[in-house]
Amino acid sequence: MPQLHVEVPAFKGTPGWEFTPIDKLDLAQFPTAVAAGADAEHKVLFAPEGAVGPSDSEPTSEGPIVAPLRVALERHAEVVGRHFGTVVRPGFFANANAEQWTDGTLVYVPRNTKVDAPILITTIQDKPGTTLHHRTLIVLEEGAEAEVWDQVSSAHDEEAVVNGVVEIVVGDNATLHYVGAQSLNEKTWVFGAQRAVVAKDAQLDWTTLAFGGANGKVFLESTLDGQGSHAKVTGAYATRGRQHVDYDTLQEHAAPDTVSDLAFRGLISGRSSAVWRGMIKVDPGAQRTDAFQEARNLLLGKKAHADAIPGLEILADDVRCTHAAAIAQIDPEQIFYLRSRGLSKTTAERLVVEGFLGAIVERYDEGPVRDAIAGALELRLGEVLG
């Protein structure tokens, strides 16, 4: 399998890459390798009760399909062929993934079918000095419902590359809850191209969590493609040491009467850094669009750094679009107040941080999903604060 070399000059001056230089990366030094088996030791973020995973066996009826992507290419070529590579936008790393992917999963839910059990996809990078190109393809037909948990982790502590592609198709009046998370080691380059297309009257609730990685960039896009569609995107990252995360989000409204709601929160400590660049794009004819986006970053330490860059591109005249961004240190008055009530400085700071991240948890209804997200954030908070 031919290896690729990152032509660094192609990224210099390229919009979106100004804050994430990758001149020290040469993919030729990281040959492609397959993911580990399920028995490899790795950090587990999520283990939903009663979850089902990919299976090589044929579905017993015309029911849902959760299968390794290579198996699906052979047995369900019509489904895969209609969507594989058509959802995510082209780009260097997306194209590299298309050429060299080794691991992936298809989730297909037929029309008017509800999957009661959570679907769990776990991908493990267990080979130091290699690149893992993995893909997730999720297709919900009209009226379908599903909950998908998609996690990527490391089984070693050495330098590596993970390059993922996620393609999501939510059909008319379908409902998808999708949680994507990575807890890779802090020496791994992380790249991602992720896009969902949401059809008429469909609902997408998308969560993305970034706790690991050394450097890299993830493009996360949701396109409201049908009238009455709705997308809610919730993101959180918590960095330490010299980690760097970069999220580039797009909420594209391509049809009238659509709603999008995006909220990111970042906790940045040590010498780490984070970038969030968000765009709300309203296409011509997408009247009565209602779009909101915000990114708030809390810096723990004088050497932590964050950039938040919201943007609007509006080509319709009957819309409501709002954006907000904030970067701040812990408010010393809050610490003073808590300490005046007898709390130690460490406890006071932790309470402030927990309150900051709690705003993310409050975006979920009470239930297993909310509990799992809260647990993952609490675990990462313990790692960041020590």
Carboxylate-amine/guanidinium proximity below 4.0 Å for [X] and [Y]:
X      : Y      : answer
Glu221 : Lys281 : no
Asp248 : Lys217 : yes
Glu147 : Lys114 : no

- Would you say Arg242 has more than 12 foreign heavy atoms packed within less than 6.0 Å of its CZ? no
- Please indicate whether Arg82 has more than 12 foreign heavy atoms, meaning atoms of other residues, nucleotides or ligands, lying under 6.0 Å from its CZ. yes
- Is the NZ or CZ atom of Arg70 positioned over Trp101's six-membered ring, under 6.0 angstrom from the centre and within 45° of the axis? yes
Partner set under salt bridge (charged side-chain N to carboxylate O under 4.0 Å, His left out) for [X], not counting sequence neighbours:
X      : value
Asp261 : Arg363
Asp257 : Arg288
Glu294 : Arg296
Arg350 : Glu354

To check you understand the geometry: which heavy-atom pair defines the closest contact between [X] and [Y], and what is its length?
X      : Y      : value
Gly213 : Gln182 : N-OE1, 4.0 Å
Asp172 : Ala199 : OD1-CB, 3.1 Å
Asn163 : Ala96  : ND2-CB, 4.2 Å
Thr289 : Ala255 : OG1-O, 4.3 Å
Leu224 : Ser260 : CD2-CB, 4.1 Å
Asp365 : Arg370 : O-CB, 3.2 Å

Can you name the ring pair (Phe, Tyr, Trp, His ring centres under 6.0 Å) partners of [X], sequence neighbours left out?
X      : value
Tyr178 : Trp206
Phe219 : none
Phe292 : none

- Item | Residue list, side-chain contact (heavy atoms from CB on, under 4.5 Å) with Thr346, at least two apart or on another chain | Ser344
Side chains of [X] and [Y], heavy atoms from C-beta outward: is any pair under 4.5 Å?
X      : Y      : answer
Gln29  : Asp26  : yes
Val139 : Val109 : no
Thr136 : Gln194 : no

- Rounded distance [0.5 Å steps], CD1 in Ile22 versus CZ in Phe92: 7.5 Å
- Message: Please report the interatomic distance CD(Glu252) to OG1(Thr258), rounded to the nearest 0.5 Å.
- Response: 10.0 Å
- Task: Name all pairs fulfilling the ring-ring contact (aromatic ring centres under 6.0 Å, His included) condition that reach into residues 333-374, sequence neighbours left out, sorted by first residue then second.
- Result: none
- Please, which pairs that meet ring-ring contact (aromatic ring centres under 6.0 Å, His included) have at least one residue in residues 147-175, sequence neighbours excluded? Phe46-Trp149
- Message: Can you pull out every salt bridge (Lys or Arg N to Asp or Glu O under 4.0 Å) where at least one residue sits in residues 155-170? Sequence neighbours excluded, please.
- Response: Arg135-Glu167
- Item | Qualifying salt bridge (Lys or Arg N to Asp or Glu O under 4.0 Å) pairs with a residue from residues 376-386, counting only residues at least two apart or across chains | Lys43-Glu383, Glu186-Arg380, Arg380-Glu383
- Would you please indicate if the ring centroids of Tyr237 and Phe211 are separated by under 6.0 Å? no
- Could you go through the side chain to side chain donor-acceptor pair (under 3.5 Å) check for His305 and Asp307 one step at a time? CA-CA 7 Å; His305 181 81; Asp307 293 285; 3.0 Å; yes
- Query: Same cluster or not: are Leu312 and Ile309 linked, directly or through other Ile, Leu, Val, Met, Phe, Trp or Tyr residues, by side-chain heavy atoms under 4.5 angstrom apart?
  - Reply: no
- Under 30°, 30 to 60°, or over 60°: which ring-plane class applies to Trp17 and Phe191, parallel, tilted or perpendicular? tilted
